[in-house]
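In what follows, a single structure is set out as structure tokens and then discussed.
Just so it is clear, the structure is predicted and the values come from calculations on it, not from any experiment. A, B, ... follow the sequence lines: proteins, then strands. Residue 1 opens every chain.
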Amino acid sequence: MPELPEVETTRRGVEPHLLDRSIVGVVVRDGRLRWPVPGDLPGLLTGRRIAAVRRRAKYLLFDCGGGHLIVHLGMTGSLRLLEAGVPPAPHDHVDIVLDDGRALRFRDPRRFGAILWTARPPGEHVLLQGLGPEPLDGAFDGGYLHGLSRGRTAPVKAFIMDGRVVVGVGNIYANEALFAAGIRPQRAAGQISALRYQRLAVAIKAVLERAIAHGGTTLRDFVDSTGKPGYFRHELQVYGRGGEACPGCGRALREVRLGQRSTVYCAQCQR
DNA sequence: CAACGGACCTGCCTGC
DNA sequence: TGCAGGCAGGTCCGTT
């Protein structure tokens, strides 16, 4: 599921309900996530007050004062805020129970997500080290992409999906941004001009911001903190539309596999 | 380093 | 109807 817009939608949904709430209990029904949930997570969290909910890349960071809970939603994860007494469904692996009786519930059918704890500044955690800039920050622009890409032979789509280059751009939005910028996904990253990278950086920012405004994209699993899907799916120009008419020129969109990922583009509009 | 394939895991859809 | 195979929003890890 979650690329940056879905994670940010989740963050915005849960934050107002968590700020200054205290954690009174933690229920781990299945701790077998991408990495095992720390066995002492209930002990680590119980009694702590949540001071902030931040996001770095696709990680949610819950500032608990004296430590941070790190949550990643993987491919199929979601976080919902539930009233007391809602019985758990399959794949509802972890509940964090708050002092108002409600619970933050983590669901993740494929268990590619993660729930970790760090007592250090979260940016020092091994998973957050070496990450590239946030795409919506000013430091991320066409000049940055152009400079970093010189000499690279990998396809530009793989380049912008590499978290060391820029974070938060997953398969859906990489396809969408490349279409908006008129760049063919297979083109070697190192042979794209500065001007075209400028267009690409603008396109990445625009598509992510629009997706956030629509509450993210739901293909199957993603729901926001209230359990509702995101509505950006209806705005997608190319992802999931292989064989359909290009919104720009009307020719059939092509669908290929690039780096084992479904890739859709218009051979006419994207060069 | 950079690039690439495989791995992790469950559910859903397609085609035989 | 049943079953095998392929595919899905991520990203780490090992090999070349």
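Using a 4.0 Å heavy-atom criterion, one finds that R152(A) contacts the sugar-phosphate atoms exclusively. Within the 4.0 angstrom heavy-atom criterion, no nucleotide atom of any strand lies near R233(A). Using a 4.0 Å heavy-atom cutoff across all strands shown, Y239(A) reaches sugar-phosphate atoms only and no base atom. Across all strands shown, F159(A) has no heavy atoms under 4.0 Å from either base or sugar-phosphate atoms.
Surrounding CZ of R271(A) are more than 12 heavy atoms belonging to other residues, nucleotides or ligands, all under 6.0 Å away. R254(A) CZ: 12 or fewer foreign heavy atoms inside a 6.0 Å radius. When the shell of 6.0 Å around CZ of R164(A) is examined, it contains 12 or fewer heavy atoms from other residues, nucleotides or ligands.
Atom CD of E3(A) and atom C1' of dG10(C) are 9 Å apart (whole Å). In this structure, the CD1 atom of I172(A) is 13 Å from the P atom of dT11(C), given to the nearest Å. We find that CZ of R111(A) is positioned 17 Å from C1' of dT11(C), with the value rounded to whole Å. Distance CH2 (W35(A)) to C1' (dC12(C)): 6 Å, rounded to an integer number of Å. Between the C1' atom of dC12(C) and the CZ atom of F112(A) lies a distance of 11 Å, rounded to the nearest Å. Going from atom CG of D162(A) over to atom P of dC13(C) covers 14 Å, rounded to whole Å. At whole-Å resolution of the value, CG in L33(A) and P in dC12(C) are 15 Å apart. A straight line from CZ of R164(A) to P of dG10(C) spans 16 Å, rounded to a whole angstrom.
Neither side chain, T263(A) nor E255(A), offers a donor N or O lying under 3.5 Å from an acceptor on the other. Q186(A) and Y265(A) share a donor-acceptor pair across their side chains, judged by distance under 3.5 Å alone. For the residue pair D108(A) / T76(A), a side-chain donor-acceptor distance below 3.5 Å is found, with atom types taken as modelled.
Judged by closest nucleotide on DNA chain B, R34(A) is the one of R34(A) and P90(A) placed further toward the 5' end.
Here the range on DNA chain B touched by chain A, meaning any atom under 4.0 Å from one of its heavy atoms, is dA2(B) to dG11(B).
If you take atom P in dG6(C) and the same atom in dG6(B), they sit 13 Å apart, rounded to whole Å.
Of all nucleotides present, none satisfies the Watson-Crick or G-U wobble test against dC9(B) with each distance under 3.5 Å.
Taking 3.5 Å as the limit, the base of dG6(C) and the side chain of R257(A) contain no donor-acceptor pair of atoms between them.
Rounding to the nearest 0.5 angstrom, the gap separating the CZ atom in R49(A) from the CG atom in D20(A) is 6.0 Å.
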